[in-house]
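Below is one structure, written out as structure tokens, with a few remarks after it.
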Amino acid sequence: MPAVAGRASGGGGTTGRHEGNGAGLGSLAGVPELPEVESVRRQLVPRLTGRRIVAVWWDPHPHARFHAVERLVGRRIDAVGRRGKFLVCPLGGGTEDADLELVLHLGMTGSLRVGATCPDGTDPDAGLSHVRARLDLDDAHTLRFRDPRRFGRLSVVADRAYEQVVPTLAILGPEPLSAAFTVDGFAAGLAATRAPVKARLLDQRLVAGVGNIYADEILHRARLRPDRSADTLDRRRIVGLHDAVVGVLDEAIAAGGSTLGDAQYVDLMGKGGSYQEEHRVYGRAGERCSTCGVGWIRRSVTGGRGTHWCGVCQR
DNA sequence: CCGGGCCCCTGGATGC
DNA sequence: TGCATCCAGGGGCCCG
């Protein structure tokens, strides 16, 4: 296995460039999983709640993934919620009967900014690159959705009919940081499949919001090999894995996610996203394991995803 | 129904 | 220096 320059190969996505330019959220770089989306959500709440959308623009590019975005115009954002990696905003203020929601998935490279128009009418964010959608709000602010790789999705869904528009949201498992994520339910789901336990963590049905980076960190904390069959885990292992899911995600949210924010992001949060500094395995291939001090962090590729683990303390 | 593999996309890093 | 190739991984889709 070739040596990997671990930190440079990912490290939780620390590629945010300084683009601070006045009012607004800092851009959040990196692959957004539950902790990153939750951090974004918390920043958005005071800026979006109660705001009316007065105009909308979206990228006409054929690869852009938008659905019914035109229905946003005239609607009021009543709340900013989250399910797994999805931001879900109930919309009010319309004249039609349909119960509309704005559903946003950041994909791999999506990020959001909320910027104010200056009193002289100029827009400090006007020159931002890779803007795929823009929502003009009724308080002289604009929400911009940036997404270089176009894997993100922005949809308006009526009456929670997720099946056709956002199928993953329709089958999403319990929120890991809620009471709905029970050991019994988790155990039943794991016992039902011989798939590698990492695949089960990633597929969103057993538990919502875990992506590749946190799956590796969770399995390391639980001392489980990523390729271990899910149905071979005994109760003690399952409880440990459940605890690891909750513990890692909790700590990552507390750290502001695995991102490096620019100066503005730090200012708004009071602290920057720093969980990448706590990563024990992800992006650390070739380093000695900081948990056991004995093993070396290995890396393999399954399903096109990098997988990182310690050959000594994960069995 | 399942599990595995490959595809979408594009900027940055790497290789020649 | 410059061009080509590789790599990253959300979710979707297809195939055995």
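Every chain is numbered from 1 and lettered A, B, ... according to where its sequence line falls, protein lines coming before strand lines.
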Protein-nucleotide distance ([X], atom [atom1]; [N], atom [atom2]), rounded to Å:
X	N	atom1	atom2	answer
A:D147	B:dG11	CG	C1'	12 Å
A:E163	C:dG11	CD	C1'	17 Å
A:F86	C:dG10	CZ	P	13 Å
A:K85	C:dG12	NZ	P	11 Å
A:R150	C:dA8	CZ	C1'	18 Å
A:L169	C:dG12	CG	C1'	15 Å
A:N212	C:dC7	CG	P	16 Å
A:F151	C:dC7	CZ	P	16 Å

(request) Indicate, with yes or no, if the rings of A:H242 and A:F181 have centres closer together than 6.0 Å. (result)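 Yes: the rings meet the under 6.0 Å criterion.
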(message) For a quick check of understanding: with a heavy-atom distance under 4.0 Å over all strands, which category does A:R65 fall into, base, sugar-phosphate or nothing?
(response)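 Base: the residue A:R65, judged by heavy atoms under 4.0 Å, touches a nucleobase.
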(request) Classify the nucleic acid contact of A:G152 as base, sugar-phosphate or nothing, counting any heavy atom under 4.0 Å across all strands shown. (result)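 Nothing, no nucleic acid heavy atom in range.
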(message) Using OP1 and OP2 only, check whether a side-chain N or O of A:H105 sits under 4.0 Å from C:dG11.
(response)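 Yes, such a contact exists.
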(message) Quick check on C:dC7: is either OP1 or OP2 less than 4.0 Å from any side-chain nitrogen or oxygen of A:R149?
(response)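 For A:R149, the contact criterion (side-chain N or O under 4.0 Å from OP1 or OP2 of C:dC7) is not met.
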(message) Should the side chain of A:R305 and the base of B:dG4 be counted as holding a donor-acceptor pair, with the cut-off at 3.5 Å?
(response)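 Result: no qualifying N/O pair found.
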(message) Can a side-chain donor-acceptor contact be found between A:R134 and A:T142 if the only test is distance below 3.5 angstrom?
(response)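 No.
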(message) Can a side-chain donor-acceptor contact be found between A:T291 and A:H220 if the only test is distance below 3.5 angstrom?
(response)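 Indeed, the side chains of A:H220 and A:T291 share at least one donor-acceptor pair under 3.5 Å.
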(request) Would you mind telling me which residue lines up with the more 5' stretch of DNA chain B, A:R132 or A:A192, judged by nearest nucleotide? (result)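 Result of the comparison: A:A192.
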(message) With a 4.5 Å cut-off on side-chain heavy atoms, are A:L87 and A:V103 touching?
(response)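 Side chain of A:V103 against side chain of A:L87, heavy atoms only: no contact under 4.5 Å found.
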(message) So if I take every side-chain heavy atom of A:R153 and compare against C:dG12, C:dA8, B:dG4, which nucleotide ends up nearest?
(response)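 My answer, after comparing the listed nucleotides, is C:dG12.
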(message) Measuring from the side chain of A:T168 (C-beta onward, heavy atoms only), which nucleotide among B:dT10, C:dG11, B:dG4 has the closest atom?
(response)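 Ranking B:dT10, C:dG11, B:dG4 by closest atom to the A:T168 side chain puts C:dG11 first.
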(message) Given 3.5 Å as the limit, does a donor-acceptor pair link the side chain of A:Q314 with the main chain of A:G311, or not?
(response)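 Checked: no pair found.
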